[in-house]
Amino acid sequence: QVALVTSGGGLVQAGGSLRLSCAASGDTFRIYTMGWFRQAPGKEREFVATISPISSTYYVDSVKGRFTISRDNAKNTVYLQMNSLKPEDTAVYYCAADRLGRVGTTTEFYTYWGQGTQVTVSS
């Protein structure tokens, strides 16, 4: 079992930045695939970004050039740096882990989930 603790959300004006963090338990974090998802009120959970054990990355088109996913294996932590934020980025953001180190962009792919953190972007 992997515990994921998510932090860093908040309220920011359009054009601003936030950095989300997700700290994982365990001693094999380096081989996990990590992902970020978000869910706005009344909408389905949406893939945002993923990073593989070798730090290859993939993003949904709507955040390319604005968001950066990264990992620090020494700290068992994955980050999502969000720049040039837009009101449509407003959502609860969740981190997720796949212990098998596979590539995936769907909610069904990931086994473990953090509690989520609210990101609100004002106009």
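Residue indices begin at 1 and follow the sequence shown.
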Next on the checklist: If you compare all heavy atoms of Pro87 against all heavy atoms of Ser123, which two are closest, and at what distance to 0.1 Å?
Outcome noted: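 Residues Pro87 and Ser123, closest heavy atoms: CG-OG, 3.7 Å.
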Next on the checklist: Quick check: closest heavy atoms across Gly116 and Val92, and the distance to 0.1 Å?
Outcome noted: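 So the two residues come closest at CA-CG1, 3.9 Å.
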[atom1]-[atom2] distance between [X] and [Y], expressed to the nearest 0.5 angstrom:
| X | Y | atom1 | atom2 | result |
| --- | --- | --- | --- | --- |
| Ile31 | Ile54 | CD1 | CD1 | 13.5 Å |
| Asn73 | Met34 | CG | CE | 10.0 Å |
| Tyr59 | Phe47 | OH | CZ | 9.5 Å |
| Tyr32 | Asp98 | OH | CG | 10.0 Å |
| Ser55 | Arg30 | OG | CZ | 13.5 Å |
| Ser7 | Arg19 | OG | CZ | 9.0 Å |

Would a 4.5 Å heavy-atom cut-off, applied to side chains only, mark [X] and [Y] as touching?
| X | Y | answer |
| --- | --- | --- |
| Phe67 | Val60 | no |
| Met82 | Val63 | no |
| Thr90 | Gln118 | yes |
| Val78 | Ile69 | yes |
| Tyr93 | Thr6 | no |
| Thr33 | Tyr110 | yes |
| Val119 | Leu20 | yes |

Item to check | Phe29 six-ring face occupied by Arg71 cation (under 6.0 Å, within 45°) | outcome: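 Yes, cation above the ring, under 6.0 Å and within 45°.
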Item to check | Ion pair check, Asp89 and Lys86, cut-off under 4.0 Å | outcome: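 The answer is no: the pair does not qualify as a salt bridge.
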Next on the checklist: Exactly one of Phe109, Trp113, Tyr94 should register a ring-ring contact (aromatic ring centres under 6.0 Å, His included) with Phe37. Which one does?
Outcome noted: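 Of all the options given, the one that passes is Trp113.
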Item to check | Whether Asn76 side chain and Ala24 backbone form a donor-acceptor pair below 3.5 Å | outcome: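 A pair under 3.5 Å: yes.
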Checklist entry - Just by distance, do the side chain of Arg66 and the backbone of Ser84 share a donor-acceptor pair under 3.5 Å? => result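 It does hold such a pair.
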Next on the checklist: Check this for me: Lys64, atom NZ, are more than 12 non-hydrogen atoms of other residues, nucleotides or ligands nearer than 6.0 Å?
Outcome noted: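 Correct, the count exceeds 12.
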Next on the checklist: Atom CD of residue position Glu44 - does it have more than 12 heavy atoms of other residues, nucleotides or ligands inside 6.0 Å?
Outcome noted: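 Check fails, neighbour count at 12 or below.
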